[in-house]
Amino acid sequence: KAIEGFVLEIAYLDAAGKVEKTVPHTGNVGGDSAIAPGSNHEGSLDEFFMSDKTRSAKLAIKSLTFAGGEKWTAAKPE
């Protein structure tokens with residue numbers, strides 16, 4: 001099914017790989033912009049949350065909303 005919305009958690013990491021900050025990000029890509037099954041989606045990250053020490057970012061998908069309204073949510077870490 002096509003994806004129309006998503007929630008990510010973005011972790012900003014320093015040079016040693018230590019998490020500096022985590023920030024949620026919500027994306028809506030419905031209608032003609034929906035992400036088709038088997039395709040890729042590219043976006044950009046806002047530098048607002050990055051410090052001078054940030055060297056990389058790690059993304060975790062928290063939830064997806066599919067065409068038709070069905071939702072998927074990632075399992076909570078134990």
Side-chain angles (χ1 to χ4, degrees):
K1 294 181 180 182
I3 296 171
E4 293 189 336
F6 55 88
V7 176
L8 306 175
E9 181 178 83
I10 305 169
Y12 294 97
L13 310 170
D14 65 14
K18 181 181 174 189
V19 175
E20 299 178 304
K21 180 183 293 191
T22 59
V23 178
H25 174 77
T26 301
N28 295 303
V29 289
D32 292 342
S33 298
I35 303 169
S39 68
N40 295 319
H41 178 73
E42 292 187 27
S44 60
L45 298 176
D46 191 344
E47 296 176 16
F48 176 79
F49 295 105
M50 292 185 200
S51 76
D52 291 340
K53 295 179 182 180
T54 301
R55 295 295 174 261
S56 63
K58 182 177 178 182
L59 306 177
I61 299 171
K62 294 299 186 179
S63 66
L64 300 172
T65 302
F66 296 97
E70 181 182 348
K71 293 188 178 201
W72 172 85
T73 301
K76 304 274 187 218
E78 293 182 12

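These values consider heavy atoms only, across backbone and side chains, with no hydrogens, waters or symmetry-generated copies. The structure presented is a predicted model; accordingly, all values stated were derived computationally and were not measured.
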Can you tell if the side chain of Thr73 reaches within under 4.5 Å of the side chain of Lys62, non-hydrogen atoms only? no
All salt bridge (charged side-chain N to carboxylate O under 4.0 Å, His left out) counterparts of Lys53, not counting sequence neighbours: none
Please tell me if the side chains of Val29 and Phe6 come closer than 4.5 Å, counting only heavy atoms from C-beta onward. yes
Run Arg55 and Asp14 through side chain to side chain contact (heavy atoms under 4.5 Å, CB included) and show every step you take. CA-CA 5 Å; Arg55 295 295 174 261; Asp14 65 14; 5.7 Å; no
Between atom OG of Ser63 and atom CG of Leu8, what is the distance when rounded to the nearest 0.5 Å? 8.5 Å
For the hydrophobic clusters of this structure (ILVMFWY residues joined by side-chain heavy atoms under 4.5 Å, transitively), does one cluster hold both Leu64 and Ile35? yes
Side chain to side chain, Lys58 and Ile10, heavy atoms closer than 4.5 Å: no
Can you tell me how far the CE atom of Met50 sits from the NZ atom of Lys21, to the nearest 0.5 Å? 11.0 Å
Any link between Val7 and Tyr12 through a network of hydrophobic side chains (Ile, Leu, Val, Met, Phe, Trp, Tyr) touching at under 4.5 Å? no
Can you check whether Glu9 reaches Pro24 side chain to side chain, under 4.5 Å on heavy atoms? no
Please find the pair of heavy atoms, one from Ala67 and one from Glu4, that lie closest to each other, and give the distance. CA-CD, 3.7 Å
In this structure, are over 12 heavy atoms from other groups packed under 6.0 Å from Ile61 atom CD1? no
Hits for ring pair (Phe, Tyr, Trp, His ring centres under 6.0 Å) against His25, two or more places apart or cross-chain, chain-then-number order -> none
